[in-house]
Amino acid sequence: MKRQRKTTQSKNKEKKLESFFEQVYAVVRLIPRGKVTSYGAIGKYLGTSSSARMVGWAMNSSHHVKPKVPAHRVVNRTGLLTGKNHFATPTQMKELLEKEGVKVKKDHVIDFKKLFWDPMKELEL
DNA sequence: CGATTGACGTACG
DNA sequence: TCGTACGCCAATC
């Protein structure tokens, strides 16, 4: 089941003043209330240099980041609340989204396509 | 310091 | 249409 990783990661890494995480936080914080976006969209807006996984890692660290990052507004490409498992409670994400007007059914966003907030389109355009 | 994991996404069968 | 495979890149074991 576990995919064999044949890629031996490099031990060398560069330290950037603007961590990829900070960029993600900035975008996520710009998400309007009642809207949602995807990890890939954020990564793409940042330049596709980073894979969607990195966005997920950023969210993981967002718990101790200030100001608070609305990670509940970030879902996967299918609109599934994949990150609900990492919240205080699996229902927290759903509760927050519904409170903002986003309908959630069985951990997936209703009309996700309609509620989708594209950073490239909203910010860059 | 090498190997594995991980809140994803796209490609292929 | 669904399941499996691989790539990204950083963090953790």
Side-chain angles (χ1 to χ4, degrees):
Chain A
M1 177 187 178
K2 301 304 180 190
R3 297 168 217 140
Q4 302 300 323
R5 297 270 176 246
K6 63 265 279 255
T7 52
T8 49
Q9 70 168 195
S10 304
K11 49 243 169 159
N12 183 15
K13 61 179 177 183
E14 295 182 37
K15 295 175 68 175
K16 297 179 181 177
L17 297 176
E18 311 146 1
S19 298
F20 177 76
F21 293 34
E22 294 185 36
Q23 298 180 59
V24 176
Y25 303 149
V27 176
V28 175
R29 274 183 250 141
L30 291 171
I31 302 175
R33 175 178 163 283
K35 291 275 190 166
V36 293
T37 189
S38 65
Y39 303 95
I42 297 171
K44 216 169 240 199
Y45 173 70
L46 297 178
T48 62
S49 303
S50 309
S51 56
R53 292 183 193 237
M54 298 300 89
V55 182
W57 279 117
M59 296 288 94
N60 192 4
S61 299
S62 67
H63 282 282
H64 64 83
V65 173
K66 294 151 317 215
K68 214 254 181 178
V69 180
H72 60 274
R73 293 183 189 154
V74 184
V75 295
N76 69 345
R77 190 63 178 118
T78 62
L80 186 72
L81 280 59
T82 50
K84 75 189 185 81
N85 196 19
H86 289 264
F87 278 75
T89 56
T91 55
Q92 184 71 70
M93 195 170 185
K94 180 172 176 288
E95 294 287 308
L96 290 169
L97 287 172
E98 289 188 318
K99 189 190 291 183
E100 296 188 354
V102 179
K103 297 183 181 71
V104 179
K105 185 75 173 186
K106 291 182 177 58
D107 302 332
H108 80 269
V109 180
I110 304 297
D111 295 328
F112 171 69
K113 186 178 180 183
K114 190 191 297 181
L115 297 173
F116 182 69
W117 183 81
D118 192 340
M120 306 187 286
K121 186 176 181 181
E122 300 295 325
L123 302 178
E124 193 167 321
L125 198 63

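Computed from a prediction, not measured in an experiment: that's the story for all the values here.
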Under the ring pair (Phe, Tyr, Trp, His ring centres under 6.0 Å) rule, what pairs show up with a residue in residues 87-124 of chain A, not counting sequence neighbours? A:F112-A:F116
Output the rounded distance in Å from [atom1] ([X]) to [atom2] ([N]).
X     : N      : atom1 : atom2 : answer
A:Q23 : C:dA10 : CD    : P     : 12 Å
A:M54 : C:dC8  : CE    : P     : 11 Å
A:Y25 : B:dA7  : OH    : P     : 15 Å
A:Y39 : B:dG9  : OH    : C1'   : 13 Å
A:L46 : C:dA10 : CG    : P     : 13 Å

Tell me, which of residues 84-118 of chain A have any heavy atom that sits under 4.0 Å from an atom in DNA chain B?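 Within residues 84-118 of chain A, the residues near DNA chain B are A:H86, A:F87.
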Counting only heavy atoms and a strict 4.0 angstrom limit, can you tell me which residues of residues 68-81 of chain A come near DNA chain B? A:A71, A:N76, A:R77
Proximity to the side chain of A:F21 - top-ranked nucleotide from C:dC8, C:dA10, B:dG6: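 Comparing C:dC8, C:dA10, B:dG6 against the side chain of A:F21, the answer is C:dA10.
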Side chain of A:N60 only, please: which of B:dA7, B:dT5, B:dG9 is the nearest?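 My answer, after comparing the listed nucleotides, is B:dA7.
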Which residue pairs satisfy the side-chain hydrogen bond (donor to acceptor under 3.5 Å, both in side chains) criterion with at least one member in residues 26-38 of chain A, sequence neighbours excluded?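 For residues 26-38 of chain A: none.
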Do side-chain atoms of A:Y25 reach the backbone of A:P67 as a donor and acceptor pair under 3.5 angstrom? no
Check: residues 71-85 of chain A side-chain donor-acceptor pairs under 3.5 Å, at least two apart:
residue, atom, partner, partner atom, Å
A:H72, NE2, A:E100, OE2, 3.2
A:R73, NE, A:E100, OE1, 2.8
A:R73, NE, A:E100, OE2, 3.3
A:R73, NH1, A:I31, O, 2.7
A:R73, NH2, A:E100, OE1, 3.4
A:R73, NH2, A:E100, OE2, 2.8
A:N76, OD1, A:T78, N, 3.4
A:N76, OD1, A:T78, OG1, 3.0
A:N76, OD1, A:G79, N, 3.1
A:N76, OD1, A:L80, N, 2.6
A:N76, ND2, A:T78, OG1, 2.8
A:K84, NZ, A:D107, OD2, 3.3

Restricting to pairs with a member in residues 38-48 of chain A, which pass salt bridge (charged side-chain N to carboxylate O under 4.0 Å, His left out), not counting sequence neighbours?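 Listed once each, the pairs would be none.
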Name all pairs fulfilling the salt bridge (charged side-chain N to carboxylate O under 4.0 Å, His left out) condition that reach into residues 62-71 of chain A, sequence neighbours left out, sorted by first residue then second. none
Please name all residues satisfying salt bridge (Lys or Arg N to Asp or Glu O under 4.0 Å) with A:E98, sequence neighbours left out, ordered by chain then number. A:K94
Do A:L115 and A:K103 pass the side chain to side chain contact (heavy atoms under 4.5 Å, CB included) test, and can you show the C-alpha distance, the side-chain angles, and the key distance before you say yes or no? CA-CA 10 Å; A:L115 297 173; A:K103 297 183 181 71; over 6 Å; no
Does A:I110 share a hydrophobic cluster with A:V102, counting links as ILVMFWY side-chain heavy atoms below 4.5 Å and allowing steps through other members?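 Result: no, two separate clusters.
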With a 4.0 Å cut-off on heavy atoms, is A:S61 in touch with a base, just the backbone sugar-phosphate, or nothing at all? nothing
What's the gap between C:dC6 and B:dT4 when it is taken at their P atoms, as a whole Å value?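 Pairwise P distance, C:dC6 against B:dT4, rounds to 14 Å.
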